[in-house]
Amino acid sequence: MPELPEVEVIRRGLAPVLVGRRFLAVKVGAQRLRQQSSPQELRRWLPGRRLEGLRRRGKYLRFDLEGGVTLLIHLGMTGRLFMGPPPSPPLPHVHLVFQLEGGLELFFQDTRRFGQVLVFPPGEAPPPLAQVGAEPFSRKVTPAWLAGQARGRSRPIKNFLLDARILAGIGNIYACEILLAARLHPATPVARLTLADWGRVLAETRRILRRAIKKGGTTVANYLNSKGEAGLFQLELRVYGRAGEPCRCGAPINRLVQAGRSTFFCPRCQPRRDCNP
DNA sequence: CACCCCACCTGCGTGC
DNA sequence: TGCACGCAGGTGGGGT
């Protein structure tokens, strides 16, 4: 569910309340997430430690705890984080409850349980983060850097944008929207893109992600921020989820499947390129 | 290596 | 009404 903008909105909601507080206890439900530290590990490393910082890396939330302990949370498709008091009747699919100083509770809810809650002791960097690619807003990401990453690859640009080991944080919704804005057919092999194409891809990536953060993220089904509020960027989606509807140009929006995921695009605004650049 | 498929889960909408 | 099916924002393991 949540892509970079949604995770960032959650981070901005949680940080002012949580940073500086001490974790006191963790309640762990019976059902496990796809990736989850054992209750023993969570209880060994969290209680008694103060939260020194809350950062985002790609779609991960990174809680930096006193003494170099790291708590990593990934929301998967349907994960939510929100702060107490606990609603009654109790919500279904709440798998962990973190109790913090001041009677504060942080709930992790995840219907489909694709999320991750992992704790790492001091020392080594958390291994999952080593796999995470560049931040889209990082200065090292330039059109030339993207072209370099694409060198020797033949995959479609849509799949390239979804690869979190290259650029972190872009998911299915924003990949579709970025390609429409950059006027690129989603099946275009990355080796075919010119430097000017990469320039548009990067500029539109940053513009769209920034705008989505400003609008509180995209809510198409499940997403809610840390205060339980929906986002508003779904009102600005131009192609995602709109197969058969007219694009702003008038042509009907198409759907295709790439690497097992739906891609929405406008065949007129994003024409297939048959000739060489 | 590069790339794709599929598994991992639950819930919802659709069509018969 | 019930049931089967397809589909959904995520990653990662295994196969080609």
Side-chain angles (χ1 to χ4, degrees), chain A residues 1-10 29-36 56-62 72-81 91-96 108-118 126-133 136 148-179 186-191 205 208-209 212-213 215-225 230-244 255-264:
Chain A
M1 165 235 308
E3 306 182 29
L4 184 152
E6 291 75 38
V7 177
E8 179 62 23
V9 168
I10 289 171
Q31 293 199 293
R32 290 303 211 75
L33 308 174
R34 192 146 173 255
Q35 308 252 27
Q36 182 179 326
R56 181 191 55 73
R57 185 74 180 84
K59 298 170 194 163
Y60 282 96
L61 281 172
R62 175 185 177 145
L72 270 194
I73 294 186
H74 193 294
L75 300 171
M77 294 274 264
T78 53
R80 291 174 181 163
L81 279 172
L91 290 178
H93 307 299
V94 171
H95 303 298
L96 294 107
F108 180 85
Q109 183 193 37
D110 186 358
T111 304
R112 291 176 71 182
R113 285 189 277 131
F114 289 173
Q116 306 177 32
V117 174
L118 297 165
L129 292 185
Q131 305 301 314
V132 178
Q149 294 298 307
R151 205 157 295 138
R153 298 179 192 251
S154 60
R155 63 211 300 213
I157 178 66
K158 165 79 180 331
N159 298 4
F160 180 92
L161 286 181
L162 282 183
D163 190 338
R165 292 166 305 183
I166 302 169
L167 265 189
I170 300 171
N172 208 31
I173 295 178
Y174 296 111
C176 294
E177 297 297 317
I178 289 163
L179 290 176
T188 314
V190 284
T205 296
I208 286 172
L209 295 180
I213 292 169
K215 299 304 284 184
T218 300
T219 299
V220 296
N222 289 294
Y223 168 71
L224 298 176
N225 70 17
L232 288 172
F233 192 74
Q234 66 277 13
L235 301 175
E236 301 186 20
L237 296 178
R238 305 254 193 255
V239 284
Y240 181 84
R242 297 186 173 281
R255 172 181 178 266
L256 64 89
V257 176
Q258 296 179 281
R261 325 273 317 265
S262 287
T263 302
F264 301 90

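Only a predicted model underlies this, so the values are computations on that prediction, with no experimental measurement involved. Quick note on labels: first sequence line is chain A, next is B, and so on, each numbered from 1.
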Kindly assign one of parallel, tilted or perpendicular to the pair A:Phe233 and A:Tyr174, based on the angle between their ring planes and the thresholds 30° and 60°.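 Aromatic pair A:Phe233/A:Tyr174 classed tilted.
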Under a 3.5 Å cut-off for both distances, is C:dG13 Watson-Crick or wobble paired, and to whom?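 Pair assignment: C:dG13 / B:dC5.
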So which one's nearest nucleotide on DNA chain B is more toward 5', A:Gln258 or A:Arg151?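 Whichever sits nearer the 5' end wins; that is A:Arg151.
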In terms of the nearest nucleotide of DNA chain B, which residue is placed more toward the 5' end: A:Gly152 or A:Arg112?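 Nearest nucleotide further toward 5': that of A:Gly152.
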Please indicate yes or no: is the ring centre of A:Phe114 less than 5.5 Å from the centre of the six-membered base ring of B:dC8, with the two planes inclined by under 30 degrees?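 The base of B:dC8 is stacked with A:Phe114 (centres under 5.5 Å, planes under 30°).
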How far, in whole Å, is C:dT11 from B:dC12 if one measures between their P atoms?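 The same atom, P, in both gives a distance of 24 Å.
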Considering only atom C1', compute the distance from C:dG9 to B:dC3 and round it to an integer number of Å.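 Their C1' atoms lie roughly 22 Å apart.
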[N] [atom2] sits how many Å from [X] [atom1], rounded?
| X | N | atom1 | atom2 | result |
| --- | --- | --- | --- | --- |
| A:His95 | B:dT10 | NE2 | C1' | 10 Å |
| A:Phe108 | C:dG10 | CZ | C1' | 11 Å |
| A:Arg80 | C:dA8 | CZ | C1' | 14 Å |
| A:Glu3 | C:dG9 | CD | C1' | 5 Å |

Categorize A:Ala259 for me: base, sugar-phosphate, or nothing, with a 4.0 angstrom heavy-atom threshold over every strand shown.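 It contacts sugar-phosphate atoms only.
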Is any side-chain nitrogen or oxygen of A:Tyr174 closer than 4.0 Å to OP1 or OP2 of C:dG9?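 For C:dG9, neither OP1 nor OP2 has a side-chain N or O of A:Tyr174 closer than 4.0 Å.
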Closest nucleotide of DNA chain C for A:Arg255 versus for A:Arg261: which of these residues is on the 5' side?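 Its nucleotide being nearer the 5' end, the pick is A:Arg255.
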If you count heavy atoms of other groups shown closer than 6.0 angstrom to CZ of A:Arg32, is the number above 12?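 Check passes, neighbour count above 12.
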